[in-house]
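Note on naming: letters A, B, ... go to the chains in the order of the sequence lines (proteins, then strands), and numbering restarts at 1 for each one. Remember, it's a predicted structure, so these values are computed and weren't measured experimentally.
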Amino acid sequence: MSLYFTQKLLYELNRDPSLQAAFLEDKEAVLSQYQLDDEELEALRKPDIGMLYILGVNGQILMHYAAMCGYAWPEYIQAMRDALEVHGNVRAGIYATTDGKGAI
Amino acid sequence: MSLVFAGVCSHGPGITGRADMADPDDKATFYAAMDGMREQLEAAKPDAIIVIAAEHFANFFMNNMPAYCMGMGAEYTGPIEDPQWLGIERVTVPGNPDLSRRIIETVMNDVDVAYAEEWKFDHGISVPLNFLTPRYDLDVIPVNINCQGPPLTPLHRAYAFGQALRKACDAVPERIAIVGTGGISHWPATPDSGKINREWDESFLKDWAANDKEALLRFTDEETLRDGGQGGFEIRTFIAISGATEGLKANVDYYRPIPIFAVGCTVGTVDLNQ
């Protein structure tokens with residue numbers, strides 16, 4: 001697992017419009033620049049926002065990436081809730097859910 | 001001169017990005033409180049505003065994470081977020097590198113602060129500026145306290161950082177405003193979004209208003225995460241303002257949990273003429 005590099009890719013995408021354009025143009029070329037395992041690559045390619053949450057991506061990084069991928073706020077929250085049902089709680093980091101039942 | 005204004009406010013991206021999803025009274029009253037904060041700020045006639053924020057990976061990552069960093073740029077851009085998503089247009093904001101340098105040099109007597117001549121704002125600064133300097137015509141000095149990527153600076157260091165900032169502001173001739181932005185309890189950007197621990201918030205704000213240093217510094221990060229969520233780590237920004245205004249009581253001008261904004265929305269100001 002290389003959560004560090006998953007988050008680093010998303011951090012750089014979130015703040016760099018030129019990297020966003022490159023990612024949209026040729027996703028594989030950008031992904032190849034980071035040390036990612038198969039599960040992370042699949043979650044990034046889809047994109048599977050819920051799975052990225054389960055892998056432990058910090059919510060402050062993930063919500064920006066979800067917005068970049070066109071997720072409206074309720075869809076973003078729901079994607080994480082659906083993933084919790086399938087995969088159980090977050091595997092790493094500090095963004096594990098308490099009960100997954102926020103007010104939104 | 002010295003400090004001419006000090007306060008705190010919330011900065012959640014939902015405040016502007018999800019404004020149309022909020023209860024109308026929640027939105028109207030909180031926006032009115034932010035307008036009131038702007039009026040107090042403008043009445044103080046500052047030459048520059050220091051915004052102590054807890055950024056969210058707009059500039060700093062775990063490859064080189066400063067506990068404290070201050071901007072020393074001629075200008076800053078932001079927000080990094082999609083403008084439509086955040087509800088704030090991308091703008092260029094004026095900095096003041098000469099003033100930044102003089103303040104940073106004095107702070108360095110007490111705190112080993114990092115500095116940055118490039119800085120992109122995210123909602124942590126863009127949301128407060130949207131209300132407080134909507135014409136973007138006031139020089140801004142951004143400050144970040146790492147509240148996102150543990151290990152985090154201890155609370156007593158955040159207080160000491162505020163004290164160092166105060167000394168530095170006292171040493172320059174310009175009129176300086178200082179605003180801390182962050183949450184109290186919140187679990188942002190997670191399936192728990194909208195959860196707010198009102199009791200914990202009100203207890204913290206009582207201590208913040210009293211500038212009760214011992215009480216403000218009593219939390220461990222484990223306790224904060226349990227009771228205040230991941231967003232609770234941002235109390236460091238409020239504590240820095242307490243350090244900058246040591247000995248002075250503050251007013252909580254507004255507090256109301258607003259779940260769609262994902263935080264207990266807060267405006268607080270310090271009367272500097274006590």
Side-chain angles (χ1 to χ4, degrees), chain A residues 2-17 19-20 34 49-50 52-54 56-85 87 89-90 92-104, chain B residues 12-14 17-18 21-22 54-63 77-86 90 118-124 147-150 152 186-197 221-222 224-227 229-234 257-262:
Chain A
S2 47
L3 177 60
Y4 173 83
F5 287 106
T6 303
Q7 295 193 105
K8 188 173 184 187
L9 165 60
L10 298 181
Y11 156 72
E12 291 178 342
L13 274 176
N14 289 340
R15 69 187 304 273
D16 184 353
L19 186 62
Q20 287 177 19
Y34 297 82
I49 296 297
L52 291 169
Y53 172 66
I54 297 298
V57 173
N58 185 301
Q60 298 291 349
I61 293 174
L62 187 59
M63 75 171 174
H64 292 171
Y65 182 61
M68 188 189 118
C69 294
Y71 282 64
W73 184 254
E75 294 168 353
Y76 166 61
I77 298 293
Q78 192 59 47
M80 291 185 289
R81 286 185 179 149
D82 291 347
L84 286 168
E85 291 290 324
H87 302 290
N89 211 338
V90 173
I94 59 170
Y95 269 70
T97 188
T98 56
D99 58 15
K101 295 174 183 168
I104 305 304
Chain B
R18 299 190 290 279
M21 297 169 72
E55 76 144 32
H56 316 81
F57 304 105
N59 302 278
F60 310 112
F61 188 68
M62 279 74 80
N63 57 349
T77 57
I80 64 161
E81 290 92 340
D82 179 85
Q84 194 173 2
W85 182 85
L86 188 59
R90 253 178 213 144
E118 291 182 55
W119 196 303
K120 295 183 179 186
F121 293 169
D122 69 16
H123 63 269
C147 297
Q148 290 295 336
L152 309 177
H186 60 309
W187 285 254
T190 75
D192 306 324
S193 181
K195 179 177 170 179
I196 295 161
N197 185 344
D221 280 349
E222 290 74 22
T224 299
L225 182 60
R226 181 192 68 204
D227 298 327
Q230 300 90 354
F233 295 140
E234 294 177 349
I258 303 180
I260 192 63
F261 293 167

query: Minimum heavy-atom separation for Ala79(A) to Tyr71(A), with atom names?
result: CB-CE2, 4.0 Å
Contact summary for Gln60(A) and Ala189(B), nearest pair of heavy atoms: N-CB, 4.2 Å
- prompt: Can you say whether Ala96(A) sits under 4.5 Å from chain B via the side chain, the backbone, both, or neither, judging by heavy atoms?
  reply: backbone
Structural part of Pro150(B) lying under 4.5 Å from a heavy atom of chain A: side chain
message: At a 4.5 Å cut-off on heavy atoms, which part of Tyr95(A) comes close to chain B: side chain, backbone, both, or neither?
response: both
field: Contacting region of Leu62(A) [heavy-atom separation from chain B under 4.5 Å]
entry: neither
message: Given heavy-atom pairs under 4.5 angstrom as the criterion, report whether the side chain, backbone, both or neither of Leu10(A) touches chain B.
response: neither
message: So which atom in Asn14(A) and which in Ile61(A) form the shortest heavy-atom distance, rounded to 0.1 Å?
response: ND2-O, 3.0 Å
message: Would the distance check show the side chain of Asp192(B) and the main-chain N or O of Thr98(A) forming a donor-acceptor pair, the cut-off being under 3.5 Å?
response: yes
query: Can you check side chain to side chain donor-acceptor pair (under 3.5 Å) on His56(B) and Glu81(B), steps first, answer last?
result: CA-CA 11 Å; His56(B) 316 81; Glu81(B) 290 92 340; 5.7 Å; no
- prompt: Where on Gln7(A) is there a heavy atom nearer than 4.5 Å to chain B: the side chain, the backbone, both, or neither?
  reply: both
message: Quick check on the interface: out of Pro188(B), Gly231(B), Gly17(B), who has the most heavy-atom pairs with chain A under 4.5 Å?
response: Pro188(B)
query: Measuring heavy-atom distances to chain A, does Phe233(B) have an atom under 4.5 Å in its side chain, in its backbone, in both, or in neither?
result: side chain
task: Mind telling me whether Tyr76(A) and Trp73(A) have parallel, tilted or perpendicular rings, with 30° and 60° as the class edges?
output: tilted
- prompt: Pick from His123(B), Lys120(B), Gln148(B): which one has the most heavy-atom pairs with chain A under 4.5 Å?
  reply: Gln148(B)
message: For the aromatic rings, using the six-membered ring if either is Trp, is the centroid distance between Phe60(B) and Tyr11(A) under 6.0 Å?
response: no
